[in-house]
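Below you'll find the structure, written out as structure tokens, and then a few comments.
Please read all numbers here as calculations on a predicted model, not as lab measurements.
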Amino acid sequence: MPTVLIIDDNAAVAIALEVLFSLHDIAALRAASPSEGLEILGREAVDLVIQDMNFTLETTSGEEGVALFREIRKRHPDLPVILLTAWTHLDAAVELIKAGAADYLSKPWNDERLLTTVTNLIELGQANRALNQRLQRERKAKRELEQNFDLRGLVWQDPATERVLTLACQVARADVPVLITGPNGTGKERIAEIIQANSQVANGPFVVLNCGALPSELIEAELFGADAGAYTGASKAREGKFEAADGGTLFLDEIGNLPLAGQMKLLRVLETGRFERLGSNRERQVKVRVVSATNADLGAMIRAGTFREDLFYRLNVIELRLPPLAARPGDILPLALSFLRGKTLHPSAESALLAHTWPGNVRELKNVMARASLLAQGEVIKALDLGLPVTVAPSPDAEPDREAIVQALARAGGVVAQASAELGLSRQALYRRMERLGIARPA
């Protein structure tokens with residue numbers, strides 16, 4: 001139950017407010033003087049303060065209230081304070097509102113207006129506290145990751161990225177294959193580098209093969225090597241990626257492009273560590289950690305008969321799903337700043353970056369920032385310098401769909417007041433939409 005502290009030397013006023021709040025499930029504490037009020041604030045958890053402006057008999061200047069307010073603000077900078085007085089001084093009200101007072105009401109007050117103000121301020125305060133607590137947890141988790149693991153200089157801020165990194169670092173030292181899934185341009189190779197850097201073979205080679213960048217007839221030779229004359233143009237023996245990665249990590253990007261014949265041979269290497277070069281009958285033995293990645297739907301490929309199910313389960317001992325950039329908006333501005341060449345972002349540019357959907361993900365963002373850095377006239381990059389398409393604002397009458405509400409709640413850590421503010425809805429309106437769409441209320 002939220003708690004309000006009433007600081008007023010008039011017992012009748014304090015009792016009236018206490019009764020009013022009790023009827024609306026709000027607890028109330030009373031203090032008859034500034035010193036008593038400050039003492040209570042020092043030992044009790046309070047969500048909001050309602051304070052009088054005058055305490056000494058026959059005093060109407062409001063100076064005592066100003067002094068009390070400033071002391072509360074000094075000791076509790078985030079605590080909302082409502083000023084209440086029978087002697088309204090507009091100048092004093094304006095100054096204190098500028099100094100951070102939440103509202104300024106005159107006696108006698110309007111119960112409905114006061115309750116609305118108190119309820120809104122309490123909800124906002126709870127949302128802000130929950131947000132601050134979540135941000136503190138995220139900052140702590142980020143510091144611990146950066147201190148305990150080699151993240152290869154990765155720039156990130158979003159909780160979704162943190163979850164992927166935490167799991168990647170957790171499984172890095174286990175000698176098991178890892179499959180990284182996600183759209184193109186999201187940074188799957190960087191995650192593979194982080195796994196290698198924190199693995200038991202961190203000092204070994206890190207070898208990359210993009211299975212989608214080679215003709216299918218050459219992929220096997222790239223993977224396993226080839227003896228001279230094994231295929232047209234093979235004038236001398238060559239080492240394959242598995243041999244090059246012996247004692248380290250082999251990163252197979254776009255694994256879904258590996259032809260079926262190569263899939264069968266890859267499965268054997270994963271099971272036994274043995275393989276033969278093309279054109280050779282001599283078996284070779286290697287010890288290689290395999291990390292693979294794809295943007296393809298391997299499940300659909302298995303059903304279509306173009307990807308081996310047994311290889312999928314061998315590669316997919318641990319799966320890391322890297323979300324698209326649009327699903328981790330906290331990364332956008334830190335990444336954009338990291339791509340700049342000594343320039344800064346104007347607020348209009350920040351808004352444009354956050355509004356863009358980034359179909360090309362981090363790769364697209366990097367290219368946009370490189371172009372903007374070269375073409376911007378000054379040291380501050382503005383929205384027009386980015387060259388992004390203009391985003392049409394949604395109609396104010398448009399309702400957010402189920403996915404938008406679920407994502408907003410996730411970003412807000414389940415705090416409905418914060419999610420409703422992001423969606424441009426009242427708290428009650430969001431509850432109504434959640435009920436209509438079958439979205440459970442956060443615990």
Quick one: list whatever passes salt bridge (charged side-chain N to carboxylate O under 4.0 Å, His left out) with [X], sequence neighbours left out.
{"X": "Glu319", "answer": "Arg321"}
{"X": "Glu193", "answer": "Arg190"}
{"X": "Arg143", "answer": "none"}
{"X": "Asp150", "answer": "Arg152"}

Listed partners of Gln133 passing side chain to side chain contact (heavy atoms under 4.5 Å, CB included), at least two apart: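 Partners of Gln133 by the side chain to side chain contact (heavy atoms under 4.5 Å, CB included) criterion, ordered by chain and then number, come out as Arg137.
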Once salt bridge (charged side-chain N to carboxylate O under 4.0 Å, His left out) is applied, what residue pairs with a partner in [range] remain, sequence neighbours excluded?
{"range": "residues 24-38", "answer": "Glu18-Arg30"}
{"range": "residues 323-334", "answer": "Arg328-Asp331"}
{"range": "residues 162-181", "answer": "Asp175-Lys287"}

In Å, rounded to the nearest 0.5 Å, how long is the span from [atom1] of [X] to [atom2] of [Y]?
{"X": "Asp9", "Y": "Asn54", "atom1": "CG", "atom2": "CG", "answer": "8.5 Å"}
{"X": "Asp253", "Y": "Phe251", "atom1": "CG", "atom2": "CZ", "answer": "4.0 Å"}
{"X": "Gln263", "Y": "Cys211", "atom1": "CD", "atom2": "SG", "answer": "9.5 Å"}
{"X": "Leu267", "Y": "Leu315", "atom1": "CG", "atom2": "CG", "answer": "8.5 Å"}

Partners passing side-chain hydrogen bond (donor to acceptor under 3.5 Å, both in side chains) against Glu364 (at least two apart in sequence or in another chain): His356
side-chain hydrogen bond (donor to acceptor under 3.5 Å, both in side chains) partners for Gln200, two or more places apart: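 In terms of side-chain hydrogen bond (donor to acceptor under 3.5 Å, both in side chains), with neighbours along the sequence ignored, Gln200 is linked to no residue.
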Side chain to side chain donor-acceptor pair (under 3.5 Å) partners of residues 117-126, not counting sequence neighbours, each pair once: Glu123-Arg427
Qualifying residue, where the test is side chain to side chain contact (heavy atoms under 4.5 Å, CB included) with Val207 and the options are Asp246, Leu250, Thr249: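 When Asp246, Leu250, Thr249 are each tested with Val207, the side chain to side chain contact (heavy atoms under 4.5 Å, CB included) holds only for Leu250.
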Whether over 12 other heavy atoms sit under 6.0 Å from Ile122 CD1: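 Result for CD1/Ile122: enclosed.
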Crowding at NZ, Lys343 (>12 non-hydrogen neighbours, <6.0 Å):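 Yes.
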With sequence neighbours excluded, residues passing ring-ring contact (aromatic ring centres under 6.0 Å, His included) with Phe242: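 With sequence neighbours excluded, Phe242 shows a ring-ring contact (aromatic ring centres under 6.0 Å, His included) to Phe224, given in chain and number order.
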From CA spacing to verdict: salt bridge (charged side-chain N to carboxylate O under 4.0 Å, His left out), Glu138, Lys142: CA-CA 6 Å; Glu138 291 171 2; Lys142 188 174 190 293; over 6 Å; no
